[in-house]
Amino acid sequence: MKFFVDSADSEAIQELAATGMVDGVTTNPSLVAKSGRDFKELVAEICDMVDGPVSAEVTAIESEAMLKEADELLAIADNVCIKVPLTWDGLKATRALADKGKMVNVTLCFSANQALLAAKAGAAFISPFVGRLDDIGADGMGLIADIRQIYDNYPELETEILVASVRSPEHMRASALIGADVATLPPDVLKSLISHPLTDKGLDAFLADWQKSGQSIA
Ligand code: G3P
């Protein structure tokens, strides 16, 4: 399973990349706006930090204009993945980019049928937003399970399921159990995956006992 970082905070991405856990990065217009950074400079910086796909989202809403923006973004680095919204124009742009061998991440997916359309358009990734579905009382992880089953029913669909809008370690656990291909995690959620109070307690006890033994290894 691949771990992406969902962030436009280059320092946080760098810190996590150093752990060897980061297979890619996703950004979106809201995260970029929050960072206050120049979009293209930021994407170039992130693309240098990680070898895997770095999703950069177009903001045009009409397919021709999306493709123009995609050209600009693709010129930044070889690992740029173009992110487009799940609209007919987005799917049209997806097909055009996929036909040129470019990676596309189709975002703002909230239904299994939308995921099916994105796969038929040739998307490299589909991004279902589990947290936002949970927010409105729907079943975010249920959608991931549905998409997994649908894609498995049709092996010719090669789109990877990229679980997005991940809010908690439980979303991660459930994604892995279902067999999602990728999860994109905000830095704080990724960091929290390691936490368990019994690990901390156990380590404290080991270290205290070791100190009492008076020994040292190196
Ligand atoms: O990058 C898209 C997605 O992960 C957004 O998450 O928390 O804004 O719903 P959130």
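Order of appearance sets the numbers: ligands from 1, and atoms from 1 within every ligand.
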Where ligand 1 meets [X] - atom numbers and elements under 4.0 angstrom, heavy-atom basis:
| X | result |
| --- | --- |
| R132 | 5 (C), 8 (O), 9 (O), 10 (P) |
| F129 | 2 (C), 3 (C), 5 (C) |
| A164 | 4 (O) |
| R167 | 7 (O), 9 (O), 10 (P) |

Does [Y] offer a backbone N or O that forms a donor-acceptor pair with the side chain of [X] under 3.5 Å?
| X | Y | result |
| --- | --- | --- |
| D23 | G52 | no |
| T94 | A121 | no |
| N79 | C47 | yes |
| E69 | T59 | yes |

* Compute the shortest N/O to N/O distance between T184 and ligand 1 and return yes if it is under 3.5 Å, no if not. =>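 No.
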* Do any nitrogen or oxygen atoms of T27 come within less than 3.5 Å of a nitrogen or oxygen of ligand 1? -> no
* Nearest heavy atom to atom 4 (O) of ligand 1: which of L31, D6, N105 does it belong to? ->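 Of the listed residues, D6 has the closest heavy atom.
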* side chain to side chain donor-acceptor pair (under 3.5 Å) partners of E62, counting only residues at least two apart -> none
* Asked: What residues form a side chain to side chain donor-acceptor pair (under 3.5 Å) with E158, not counting sequence neighbours?
  ->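 Partners of E158 by the side chain to side chain donor-acceptor pair (under 3.5 Å) criterion come out as none, since no residue qualifies.
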* Asked: How far is atom 6 (O) of ligand 1 from its nearest protein heavy atom, and which residue and atom name does that atom have?
  ->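 Nearest protein contact, heavy atoms only, for atom 6 (O) of ligand 1 is S165 CA, 3.4 Å.
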* To do: Mark the output for K83 as yes if a heavy-atom distance to ligand 1 is under 4.0 Å, and as no if none is.
  => yes
* **Pair D188-R167, salt bridge (Lys or Arg N to Asp or Glu O under 4.0 Å): steps then yes or no** => CA-CA 9 Å; D188 57 331; R167 304 271 171 77; over 6 Å; no
